[in-house]
Each structure stands twice: as structure tokens, then as C-alpha cells.
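Taking it in order: structure first as C-alpha cells, then the write-up.
Here, residue 1 is the first one in the sequence, and each next residue gets the next number. Heavy atoms only: backbone and side chains are in, while hydrogens, waters and symmetry mates are out. Both ligands and their constituent atoms are indexed starting at 1 by order of listing.
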Amino acid sequence: MSFNNLGLSADLLATVAREGYTEPTPVQSAAIPFILDGRDVLAAAQTGTGKTAAFVLPILERLRNTANAGFSPARHPVRVLILTPTRELAVQIAEAVKTYGRSSALRSAVVYGGTRIDPEIKLLWRGVEILVATPGRLLDHIGQRTVNLSQVEVLVLDEADRMLDMGFIPDIRKIAGQIPSKRQTLLFSATFSDDIRSLAGEFLHDPEIVEVAARNSIADNLTQVLYPVDQSRKADLLIHLIQRDSMEQVLVFTRSKIGASRLASYLDRRGVSTSAIHGDRSQQERTRALEAFRGRFVKVLVATDVASRGLDIENLPYVVNYELPFEPQDYIHRIGRTGRAGASGTAISLVSPEEVDELRGVQRLLRKSIPCAIVEEFLPDPNREPAAATRSRGGRAQGSRTDRPWSRPGRTPATTPAYGRSQLSAAAGSR
Ligand code: AMP
């Protein structure tokens with residue numbers, strides 16, 4: 001499939017060529033023609049599948065013929081509203097709108113909480129056709145009458161599953177109440193849960209359904225591996241892996257904000273340049289941390305799930321689960337940050353014996369076990385294994401297959417030091 005067959009004009013085809021996109025991603029091939037047709041669309045697509053361009057390109061196409069070059073704000077009413085759950089995602093989408101819309105006269109802006117509202121008010125006052133917003137801040141603007149949504153033609157609900165999780169649905173209802181009911185609505189979600197389907201029933205009219213990747217599928221070019229290790233030794237194992245494999249850009253996930261802060265300062269103290277993003281940091285700190293990571297001024301970015309949602313960092317080679325997430329679905333979101341758009345990537349999980357249940361949950365969702373690799377000096381203390389474990393003659397854990405969170409070791413990555421088969425098996429509990 002080529003971009004030429006999707007119904008985009010020469011301007012936009014030149015834009016995608018300039019971006020280096022040679023062919024549309026599956027979600028783009030499937031969704032763009034429907035959106036150009038004016039249909040409502042319910043699309044299951046995770047971040048990393050090219051979903052932003054899948055809605056931004058056809059929206060720009062639809063609006064380009066009626067773009068007004070006049071100066072007056074009245075000539076630039078909000079015609080497209082894109083709602084996203086997090087500030088980072090809002091900024092990212094706004095950048096994509098600017099990039100893809102470079103050659104059009106359409107104005108765009110982004111509004112999100114945690115920053116001063118005055119500069120946003122000035123921007124809105126000048127008039128913008130495409131507005132990207134987080135729900136809470138948009139409601140502030142609605143309350144202050146600094147935005148008028150009565151001429152919105154297209155509403156996009158991006159990462160709708162996350163907006164649901166984060167409790168934004170009542171806000172979205174209020175916002176939708178300000179928008180004409182005769183409009184085009186596009187809903188993007190990583191998964192189609194029952195809740196998402198009922199949300200679609202509420203906001204969409206006779207939608208086309210686009211479901212490109214199989215549910216919970218992982219990109220083929222992504223290598224997953226887990227390392228068994230006690231919780232207290234994870235930071236040192238992480239440093240060991242970063243040095244051993246000469247990792248230059250690593251996104252590390254922790255479960256808690258405090259855990260993220262602690263790990264970031266530990267790594268920094270140990271000479272591994274690190275920044276952190278989580279909900280307790282100011283917007284300015286988060287932006288600075290992200291820029292430092294994107295620009296490769298720091299090697300490691302430690303993030304919590306909410307803060308990292310939707311982050312798009314080009315060619316990110318490594319994602320590390322410092323702790324497995326409580327929700328198996330978050331494992332998929334996390335590792336979706338690497339192996340994007342055809343690039344290869346590695347997702348590493350540091351798994352302590354206490355994380356048996358979480359690992360089982362993830363493996364159930366993946367419908368396969370994650371290959372296990374060993375760094376001998378970091379093997380968990382067998383006395384702290386979750387189920388009864390005895391010591392082998394060599395002093396390593398011997399447990400029954402079902403006792404262990406990790407199953408077969410699989411092949412160790414080439415970079416893993418060579419270990420005897422029996423050692424691997426014993427530690428992985430697969431024999
Ligand atoms: P998204 O899923 O929208 O976050 O996009 C993920 C990444 O894919 C972004 O860095 C885009 O620049 C890139 N991308 C989007 N469309 C294509 C395409 N057709 N070919 C190659 N890369 C793409």
C-alpha cells in the first residue's frame with residue numbers, strides 16, 4: 001500500500017515524504033480513507049503504530065480547503081478538538097499537528113494543566129482551528145469563557161482507555177456538551193474493552209471499526225527478556241546491564257513516584273546520568289527531563305506509568321521494567337515505547353521472587369512466557385524465593401517448575417556471559 005492511494009493531496013504527500021515515511025502503517029491505511037469520508041471511527045491502536053498521523057493527516061486534508069488566511073480571530077474558530085489524557089501526549093500531538101500542517105494556514109494550539117493559563121488565553125484569543133487539550137485545563141478555559149467550542153466539526157478522543165482509567169469521562173461529557181452533536185468523532189484506544197465500547201456508543205455515531213493489530217500483540221522486532229533478581233539488588237543489576245551492554249538510551253519504569261525519584265538519584269550518584277518524570281514533578285521539570293533524555297544528554301529516564309503514557313521517543317532501543325506493573329496491560333503499554341515503526345528494541349524486566357503474580361498475569365496476557373536470562377552474581381537469594389526452595393550442591397535454587405515466576409530460560413542474549421546449561425536451568429526452575 002502506498003500513501004498515494006489514500007486520497008491525500010499533493011501537499012500532504014510531500015509532507016509525509018519529507019518525514020521519511022515510505023508507506024502508511026496499517027492503522028493509517030485503514031483509518032485515513034474513512035476519516036476523509038467524514039465517518040466516525042473507533043480505532044484500536046497503541047502508541048507507536050503511527051496513530052497520530054492516522055488522524056492528523058486526514059483532518060488537515062479535510063480542513064485545508066476551508067482554511068482562512070484572514071487575521072481576525074473570528075475567522076479562526078476551533079474546528080478540531082483533540083483530547084488526550086496527559087500533558088506529554090498533548091505536547092507530542094501538538095508537535096505532530098505543527099509538523100504535518102506546516103504548509104497549511106490552519107492555526108493550532110495546545111492547552112494543559114500544571115502551567116500558567118495566561119499565555120494559553122492569549123493564544124486562544126488570537127484564534128486557533130486545531131486545539132489539543134487535556135480535559136481538566138480545557139474545562140478551566142470553558143469556565144472562564146476563554147474558548148468557544150460551538151463550531152467544532154471534529155472531536156478526537158485519543159488514548160480513550162487511559163482517559164477512562166484516569167477518571168476523565170465526566171469531564172469529557174461536559175466538554176462534549178459544548179460541541180455541536182453534528183460532528184465527526186474519532187476514538188483511539190489501545191484496547192477495546194467493554195467500557196470503551198460503551199463509551200463509543202455514547203460519543204460516536206455508526207462508527208467504522210479499525211482494529212489493525214491483534215489484541216495485545218507485540219511488535220515482532222521487539223526482544224523481551226527477564227532477569228531474576230532480588231528487589232534490593234535491582235539498581236545494581238541495572239547499572240551492570242547498562243555497562244555490560246553499553247546502553248546509551250534507556251527508559252526505566254517504576255511503580256511509584258517515590259521509587260522513580262530514589263532510583264534516579266541512586267543511578268546519578270553511581271555515575272549513570274539519569275532524569276525522572278512522574279506526577280510530583282512540575283511541568284517544567286518534566287519537560288526538561290524529557291528533553292534531556294531525547295537529546296541524549298542523560299542516558300536513563302526513570303518514569304512512572306502515568307507520566308510516560310504516550311511518550312514518543314524516536315528509536316528508543318531499551319525499555320526496562322524495574323518493577324512489573326500491577327496491571328498486566330501496562331506491560332504492553334510500557335514496552336510499546338521501543339521497537340517502534342520497524343526499529344528493533346529490547347524490553348528487559350527485572351523480576352524479584354515477590355513478583356510471581358504480576359509475571360504470571362503478564363505472561364497470561366501475552367499467552368507466552370518471557371525468556372529468562374541470568375547474571376549469576378545477581379541471582380535471587382534462594383532463601384527468599386516465594387515457594388519452598390532448596391539449595392543445590394552448587395548453592396543455587398532448586399524448585400519445582402510451578403514454584404517459579406520464570407519458566408524456561410530460553411536462549412540467553414548474545415551479550416549474556418556464558419553459563420553452564422545446568423546453572424541456567426536450575427535458576428530458571430525449568431528442569
Ligand atoms: P504514534 O503511534 O503516532 O505515536 O507514532 C509513532 C512514530 O511513528 C512517530 O515517531 C511517527 O513519526 C512515526 N510514524 C508515523 N507514521 C509513520 C509511517 N508511515 N512510516 C514510518 N514512521 C511513521
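- Of the options Phe55, Tyr21, Phe3, the smallest heavy-atom separation from atom 18 (C) of ligand 1 is shown by Tyr21.
- For Phe253 and Tyr322, the distance between ring centers is not under 6.0 angstrom.
- At under 3.5 Å, a nitrogen or oxygen of Gly50, whether backbone or side chain, sits near a nitrogen or oxygen of ligand 1.
- When each atom of ligand 1 is checked for a heavy atom of Lys51 under 4.0 Å away, the hits are 1 (P), 2 (O), 3 (O).
- A donor-acceptor pair shorter than 3.5 Å can be found between the side chains of Asn148 and Ser150.
- If you check the side chains of Tyr331 and Gln224, you find a donor sitting under 3.5 Å from an acceptor.
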Could you pull out all donor-acceptor pairs under 3.5 Å where a side-chain atom in residues 115-124 meets a protein atom, sequence neighbours excluded?
residue, atom, partner, partner atom, Å
Thr115, OG1, Tyr112, O, 3.2
Glu120, OE1, Arg137, NH1, 2.9
Glu120, OE1, His141, NE2, 2.7
Glu120, OE2, Tyr112, N, 3.1
Glu120, OE2, Arg137, NH1, 3.3

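- Short contacts between ligand 1 and Thr25, defined as distances under 4.0 Å to a heavy atom of the residue, involve ligand atoms 17 (C), 18 (C), 19 (N).
- Partners of Thr274 by side chain to side chain contact (heavy atoms under 4.5 Å, CB included), not counting sequence neighbours, listed by chain and number: Ala264, Leu267, Asp268, Val272, Val300, Val302.
- Residue Glu23 places a heavy atom under 4.0 Å from ligand 1.
- Close N/O approach between Thr52 and ligand 1 is found [any backbone or side-chain N/O within under 3.5 Å].
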